[in-house]
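The chains referred to below are lettered A, B, ... by the order of the sequence lines, with proteins before strands, and numbering in each begins at 1.
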Amino acid sequence: MLTDFLQLTVAGLSQGSVYALLAVGLIAVYTVRHVINIAQGEFAMLAGLGSAWLTAAGMPLFLAILIAILTVTLVAIVMERLIIARVKKLTPLISIILTLGVSTLLQATMLLIWGPEAKGVPRFPGSNILIGGVSIRSQEFWMIGALVVVGGGIVLFYEKSRWGKALRACAEQPVAARIVGISPVTASVLAFAIAGFVGAVAGLVSSPIYLSLWSGGVLLGLKGFVAAVLGGFVSFRAAIIGALLLGMIEAYVAGYIASGLRDGAAFLILILVLVVRPQGLVLKPTAVRV
Amino acid sequence: MKKSRLRLIAPIAVVTALALTGCSTSNLGGSSPDDPAGDSGPIKIGAVLDVTGAGASLGVPEQNTLNMLAKQLKADGGIDGRDVELTVLDNQSTEDGAAKATSKLIESEKVDIIIGASRTGPSLAMRPLAEAAKIPMISVAANVAIVEGSEWVFKTTQNDVIVIERMLDDAQAKGYTEVALVRDATGFGEGVAEYITELGADRGITLVTTESFEPSATDFTPQMTNVRSSDADAVIIWGINPSAALAQKAFVQLGVNKPVYQSHGIANQSFFDTAGDAANGVIAPMGRLLVADQLADDNAQRDVISQFQADYSAAYGEQPNAFAGHAFDAWHIAVNAIEAVGTDASDLREELETAQWTGVSGVFQMTAENHSGLTASALILAEAQDGRWNLLEG
């Protein structure tokens with residue numbers, strides 16, 4: 001019994017790590033630009049499919065991963081420059097429509113280039129281990145590790161570095177930030193670059209076990225969205241905790257109740273949070289904390 | 001301010017995104033029976049296939065096959081001097097997509113016969129439309145419910161029942177008494193648990209646990225964890241790729257350590273591409289296409305299979321899989337019937353009920369009662385080893 005519980009917990013934590021990375025990307029963009037980026041999940045699929053294609057063509061795994069991360073980050077920046085930055089009066093509703101367009105465009109492009117079948121990046125180095133009957137796949141270490149390193153790195157970046165502080169200033173006091181000489185253009189580009197980067201990392205670490213599919217970004221993005229809502233769309237920490245909880249709840253629901261209810265669990269949580277506690281897991285709802 | 005804004009935006013974002021995932025409603029319109037096409041002008045064959053979405057690993061090779069055969073027929077001058085036009089529509093692996101595409105084929109394209117869909121769910125969505133419009137339809141999916149009690153619907157994939165019989169016979173011979181089932185949650189996996197319970201009872205085999213998964217599922221830890229702690233001697237995984245291959249991978253990685261049977265839904269290369277070494281040792285009942293090189297010289301299907309393999313690989317640079325074979329058989333059964341009686345719908349239906357065809361998926365013998373036309377002899381048992389299937393028993 002305990003073995004089963006731990007096994008489900010491991011699966012939930014690793015899946016939750018992927019949701020957490022996507023939530024970090026969503027919040028990074030939302031706090032600076034008040035843009036809800038529907039295309040966040042597509043970043044993950046684009047990176048996964050791209051590097052699966054490169055490795056299949058014979059490129060070493062880590063080179064392919066590096067290229068995929070750089071490309072997707074660039075795609076996010078281009079998206080900001082070409083589309084988001086052009087809109088004079090950007091409301092969240094307009095942002096949803098715009099990014100929905102980008103999401104559809106990215107999906108169609110992936111379908112045209114790589115076809116309708118799911119593809120996976122080769123397994124990252126490492127071996128599966130068995131502790132007391134609980135089997136942990138090496139790729140699950142990579143998924144959780146990616147969250148610790150990348151997610152943790154971004155939280156540190158926001159709290160300790162000059163650039164991060166500038167981004168927070170833009171989020172909290174856009175006018176004041178401008179007055180003291182922080183460029184809103186740079187801040188916006190940086191926010192999208194972070195979204196592209198974490199999206200790509202999430203797609204790459206999960207691809208070897210969960211595969212990448214042209215149409216797979218929507219559901220994945222929605223799970224990241226639920227996690228971001230749990231973070232009140234302002235707090236990275238609350239969103240990361242929320243994402244890990246979401247992953248575990250999904251695993252328990254699938255394991256103990258019925259696997260068909262798995263995706264339903266996420267949306268039930270979303271509805272409950274929006275109705276009962278729209279500030280999510282954030283403890284001090286008034287302050288903008290990123 | 002912030003609070004209320006999020007409360008407002010979040011539902012909009014979710015609804016918009018969900019609309020993308022395909023939760024749209026279908027608009028079928030009235031399906032009035034159309035006049036059957038006249039005996040002159042081009043013959044129209046319509047196909048509805050799962051070209052994108054969860055069934056893509058089936059729909060793509062099926063589409064390739066139909067396009068290739070249509071081209072061949074055109075080069076040969078059509079049927080009785082009439083051109084044959086093929087229209088393939090993508091149902092995006094959804095039921096409502098299949099229904100819409102079928103209505104379009106019947107109402108705007110005025111097709112003489114319909115092939116598809118690739119999977120059971122979409123095929124079941126098409127069945128009432130074909131029946132109402134009185135247009136013959138040949139599905140390339142597995143579940144026997146597609147043709148049971150049907151007047152206008154036929155199919156070419158081996159029935160799930162005979163696949164299960166084949167598995168259980170082997171399980172009985174090996175002395176397994178308890179099996180676990182991990183099945184596709186859509187139409188393809190519907191009824192499988194009931195058949196195993198019923199057919200297993202005669203063989204002293206009981207079904208101890210049933211788990212299910214969506215064809216779009218990616219994580220199988222919960223299902224495999226439950227199977228691992230069950231008492232089953234053997235496990236049956238019932239699905240299509242990529243989900244069935246991912247399930248196989250999770251099964252091995254989580255150390256379930258029991259013998260595995262998979263269905264004929266995985267008889268393609270993408271199973272090996274996705275599952276890798278985890279595929280080794282899987283036993284699956286399937287048609288003879290993937291083990292054609294190991295068949296006896298006097299096997300009735302040998303020539304038709306090797307001709308198909310040669311044509312397909314010349315056209316697309318890769319070997320055809322079992323699903324391509326189902327489309328190949330559906331096309332030939334349709335074309336043979338049109339050659340015999342023309343395009344009058346009720347003549348065509350009667351002709352299909354007597355169709356005989358030595359094809360890729362088996363030797364077909366349609367009757368008024370059996371619109372599937374295949375018996376258990378259409379299946380062989382094969383074992384996966386190092387990226388290929390080895391014939392266990394014919």
Compare all side-chain heavy atoms of B:Asn321 with those of B:Tyr312 and state whether any distance is below 4.5 angstrom.
no
Chain B contact via A:Leu93 - side chain, backbone, both or neither, heavy atoms under 4.5 Å:
side chain
Spatial distance of atom CG (A:Leu8) from atom CD (A:Glu250) [nearest 0.5 Å]:
12.0 Å
Is there a side chain to side chain donor-acceptor pair (under 3.5 Å) between B:Gln319 and B:Gln269? Walk through the geometry before answering.
CA-CA 9 Å; B:Gln319 284 297 318; B:Gln269 183 59 37; over 6 Å; no
Using a cut-off of under 4.5 Å for heavy-atom pairs, which of A:Ile209, A:Asn128, A:Asp263, A:Val273 has the most such pairs with chain B?
A:Ile209
Over 60° means perpendicular and under 30° means parallel, so tell me whether B:Phe323 and B:His326 are parallel, tilted or perpendicular.
perpendicular
Could you list which of residues 233-247 of chain B have a heavy atom closer than 4.5 Å to any heavy atom of chain A, in residue-number order?
B:Pro242, B:Leu246
At a 4.5 Å cut-off on heavy atoms, which part of A:Asp4 comes close to chain B: side chain, backbone, both, or neither?
both
Can you name the one residue among A:Gln7, A:Arg137, A:Gln15 that meets side-chain hydrogen bond (donor to acceptor under 3.5 Å, both in side chains) with B:Thr221?
A:Arg137
Report yes or no: does B:Asn143 contribute a side-chain atom to a donor-acceptor pair with the main-chain N or O of B:Gly187 at less than 3.5 Å?
yes
Is B:Ser123 reaching over with its side chain to a backbone N or O of B:Val140, donor-acceptor style, under 3.5 angstrom?
no
Could you check which of B:Asp219, B:Asn226, B:Leu254 has the highest count of heavy-atom pairs closer than 4.5 Å to chain A?
B:Asp219
Using a 4.5 Å cut-off on heavy atoms from C-beta on, say whether the side chain of A:Phe233 contacts that of A:Leu26.
yes
Chain A heavy atoms under 4.5 Å from B:Gln223: which part of the residue, side chain, backbone, both or neither?
side chain
Would you confirm whether B:Thr210, through its side chain, and B:Leu207, through its main-chain N or O, come within 3.5 Å as a donor-acceptor pair?
no
Between B:Glu211, B:Gln253, B:Met224, B:Glu214, which has the largest tally of heavy atom pairs under 4.5 Å with chain A?
B:Gln253
Aromatic contact between B:Phe213 and B:Phe220, with the criterion being ring centroids under 6.0 Å apart: yes or no?
yes
Check: A:Phe141 ring centre within less than 6.0 Å of A:Phe124 ring centre:
no
Among B:Ser229, B:Gly276, B:Ala185, residue most engaged with chain A (heavy-atom pairs, under 4.5 Å):
B:Ser229
Aromatic ring proximity A:Tyr30/A:Phe225, centre distance under 6.0 Å
no
Output the residues of residues 109-122 of chain A for which the shortest heavy-atom distance to chain B is under 4.5 Å, in residue-number order; output 'none' if no such residue exists.
A:Leu111, A:Pro116, A:Glu117, A:Ala118
Under 4.5 Å from any heavy atom of chain A, what part of B:Ser270 do you find: side chain, backbone, both or neither?
side chain
Side-chain donor/acceptor of B:Thr209 to backbone N/O of B:Ser230, under 3.5 Å
no
